[in-house]
Chemist: 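Here it is, the structure, as structure tokens.
Sequence lines set the chain letters: A, B, ... in the order given, protein chains first and strands last, and positions in each chain run from 1. As the structure is a computational prediction, the values presented were derived from the model and not from experiment.
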Protein chains: 2
Amino acid sequence: MVNKRTPTTRPPGRHVTRHPAPRPAPERRSQADRRQQTRQALLDAALGQMEAGIGFEALSLRRVARAAGVVPAAFYRHFASMDELGLALVEDSVLALRSMLREAREDGPAPERVIERSVKILFAHVREHRRHFAFVAQARGSGNAVLRHAIRSETKLFASELATDLARFPVLREWSTSDLQMLAGMFVETMISAIEAFLEASPGGGVQPPTPEAEARIAKQTERQLRLLALAIPQWRSRP
Amino acid sequence: MVNKRTPTTRPPGRHVTRHPAPRPAPERRSQADRRQQTRQALLDAALGQMEAGIGFEALSLRRVARAAGVVPAAFYRHFASMDELGLALVEDSVLALRSMLREAREDGPAPERVIERSVKILFAHVREHRRHFAFVAQARGSGNAVLRHAIRSETKLFASELATDLARFPVLREWSTSDLQMLAGMFVETMISAIEAFLEASPGGGVQPPTPEAEARIAKQTERQLRLLALAIPQWRSRP
DNA sequence: TGTACATCAGTGAACGCGCGTTCACTGATGTAC
DNA sequence: TGTACATCAGTGAACGCGCGTTCACTGATGTAC
């Protein structure tokens, strides 16, 4: 078959880019830096598009590339597909979750104010990594099977880690593993719905963070839920 | 501007439909019946496509029309857009939820086995309306703002109804409205995650219902969660 | 019952568009000598 | 330090495809007389 494409004969400098930031003065930087920077721009662009209310499944490679200020073909230098970009976002989000648990664990079990403290940490993290949390919340139930499964298995892992932490509390020392898993799962569920409420309360379709008042209201509600759940613990007769 | 379309001059009977069921022998039926039937076929086709693992947002009007055995243009005789079709599905799903509450309410509060009974009713309904539940679970977090909001407000309404029912239990008679709302919300959350577990356990990407064993396992887990939650109730000091 | 006309659900063809993917290319960065 | 060549991130153009939407149309059903 004949190659029907006309050989490139355009004069140099003729092409006008219409991208937002037309690559400012070819500053000197290493190839590795440039690569890393574009990769990050693609990830940021995807999060940014989703912030504007577009679901991950409806996100197109071309939109992401455009928002990142890069030609569609350049996308392939970093990800083989949108699925792969999504998995990279899951990975980043998981790091945020892990750091949350680490912080909560930091000064050991202080049964008195543990709920209050945990909620504070939760909301601080959600505020800081809002876009990643929004991505996870959205893709968790999305039609994309690859992402859905990745997120589900990470959520289970997270609940397991939490279960191990819970086992350190005296009241829970006698609980069976499966009961601890259940309790951790319920805590995680409560956190997830808190996160969803937080994101839903973000004005402008998730573009801005919610007002401090709205956040305080949701945090308080979450505390009440966790407190109610905690009241059940001493009443439970754990069986293996 | 000139109408560039060639006037239709094709001989009658020339066109060959490639649709699955090429409209069998023009049986006699009323226009209204035919209309209703196609509308239902479109709704079923949408559910069917989603059953195959496609998210609502990724569902195209053309796919739905094709699966319904109808030409794309015919879609517009029934819905102005896919959003509108989605809202019709939400409405159908809400009916299923209402019927669930009605059934649970039927023989009044029987504190002894109320949890066991409720879970039985829940799973019976999920089994019967699996595709509608799957649709709601999927669209609940999807990128489609219209559907997301419709589903959220219906969920809140559902929780409110449940709260009214809960108020009938003697242990809860003294509870403030907002505490009842919270409790109902937590029950609903637990149900939702049970539904998600049920759907996730469906083999073949949701095409078939889960095995009776898997269902029994999930039902049992749900019962345990609700039981734990119920244990907290007498301990709670409700304040308005 | 029979006839002439109206209604309207569904058809088939066409449109312009954004999509994912490919390709040979450019030109700055990196390396060997 | 200077030169010649290699590497490779990003480019621009092209492709074929499925999409949503429009339109004049067909022909069965419905209605008025």
Chemist: For B:Arg98, check salt bridge (charged side-chain N to carboxylate O under 4.0 Å, His left out) against everything at least two apart and list the hits.
Modeler: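 Scan of B:Arg98 (salt bridge (charged side-chain N to carboxylate O under 4.0 Å, His left out), adjacent residues dropped) gives B:Glu154, B:Glu161.
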Chemist: Inspect the contact between B:Arg148 and A:Glu200 and indicate whether a charged nitrogen and a carboxylate oxygen are less than 4.0 angstrom apart.
Modeler: no
Chemist: Could you measure the distance from the CE atom of A:Met191 to the CD atom of A:Gln225? Nearest 0.5 Å is fine.
Modeler: 11.5 Å
Chemist: Kindly write out the residues that satisfy salt bridge (charged side-chain N to carboxylate O under 4.0 Å, His left out) with B:Glu196, not counting sequence neighbours, or none if the list is empty.
Modeler: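 By the salt bridge (charged side-chain N to carboxylate O under 4.0 Å, His left out) rule, B:Glu196 matches A:Arg140.
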Chemist: Specify the separation, in whole Å, of atom CD of A:Gln37 and atom P of C:dA28.
Modeler: 17 Å
Chemist: Let me know the distance between CG of B:Leu42 and C1' of C:dA9, rounded to the nearest Å.
Modeler: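 Computing the B:Leu42:CG to C:dA9:C1' distance gives 12 Å.
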Chemist: Give DNA chain C the dot-bracket treatment, 5' to 3': Watson-Crick (N1-N3 with N6-O4 or O6-N4) or G-U (N1-O2, O6-N3) under 3.5 Å, [ ] crossing, | other strand.
Modeler: .||||||||||||||||||||||||||||||||
Chemist: Measure CG/A:Leu61 against P/C:dG18 and give the value in whole Å, please.
Modeler: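 In whole Å, C:dG18 P lies 16 Å from A:Leu61 CG.
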Chemist: Heavy atom of residues 73-92 of chain A under 4.0 Å from DNA chain C: which residues?
Modeler: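 Under 4.0 Å from DNA chain C: A:Ala73, A:Tyr76.
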Chemist: With a 4.0 Å cut-off, would you call A:Arg130 and A:Glu51 a salt bridge?
Modeler: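 The answer is yes: the pair qualifies as a salt bridge.
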Chemist: Please identify each residue that fulfils salt bridge (charged side-chain N to carboxylate O under 4.0 Å, His left out) with B:Asp83, with sequence neighbours left out.
Modeler: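 Per chain and number, B:Asp83 pairs via salt bridge (charged side-chain N to carboxylate O under 4.0 Å, His left out) with no residue.
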Chemist: Please list, chain by chain and in numerical order, all residues satisfying side chain to side chain contact (heavy atoms under 4.5 Å, CB included) with B:Ser160, sequence neighbours excluded.
Modeler: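 Once residues adjacent in sequence are excluded, the partners of B:Ser160 under the side chain to side chain contact (heavy atoms under 4.5 Å, CB included) criterion are B:Gln181.
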Chemist: Between atom CG in A:Asp33 and atom C1' in C:dA28, what is the gap in whole Å?
Modeler: 14 Å
Chemist: Please state how far atom CD in B:Gln36 lies from atom C1' in C:dA9, giving the value in whole angstrom units.
Modeler: 13 Å
Chemist: Looking at every strand, decide which applies to A:Arg35 at a 4.0 Å heavy-atom threshold: base, sugar-phosphate, or nothing.
Modeler: sugar-phosphate
Chemist: So if I apply the side-chain contact (heavy atoms from CB on, under 4.5 Å) rule between B:Arg131 and each of B:Leu47, B:Leu43, B:Leu89, B:Leu199, which one comes out positive?
Modeler: B:Leu47
Chemist: Select one nucleotide: of C:dA28, D:dT21, C:dA9, the one nearest the side-chain heavy atoms of B:Arg34.
Modeler: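 So the side chain of B:Arg34 is nearest to C:dA9.
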Chemist: What nucleotide among D:dC19, C:dT29, D:dT11 has an atom nearest to a side-chain atom of A:Gln31?
Modeler: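 When the side chain of A:Gln31 is considered, C:dT29 is the closest of D:dC19, C:dT29, D:dT11.
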Chemist: Let me spell it out: for each of B:Ala32 and B:Leu59, pick the nucleotide of DNA chain D with the closest heavy atom. Which residue's pick is nearer the 5' end?
Modeler: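 The residue whose closest nucleotide sits nearer the 5' end is B:Leu59.
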Chemist: Would you mind reading off the distance between A:Arg66 atom CZ and D:dT11 atom P, rounded to a whole angstrom?
Modeler: 14 Å
Chemist: C:dG30, C:dG20, D:dC19: which one has an atom nearest the side-chain heavy atoms of B:Ser60?
Modeler: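 The closest nucleotide is D:dC19.
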Chemist: Judged by atom type as modelled, is there a donor-acceptor pair below 3.5 Å linking the side chain of B:His129 to the main-chain atoms of B:His125?
Modeler: no
Chemist: Is a donor-acceptor contact shorter than 3.5 angstrom present between the side chain of A:Arg62 and the base of C:dG18?
Modeler: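 No, no donor-acceptor pair under 3.5 Å.
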Chemist: Of the listed nucleotides (C:dT11, D:dC19, C:dG30), which one gets closest to any side-chain atom of B:Val70?
Modeler: C:dT11
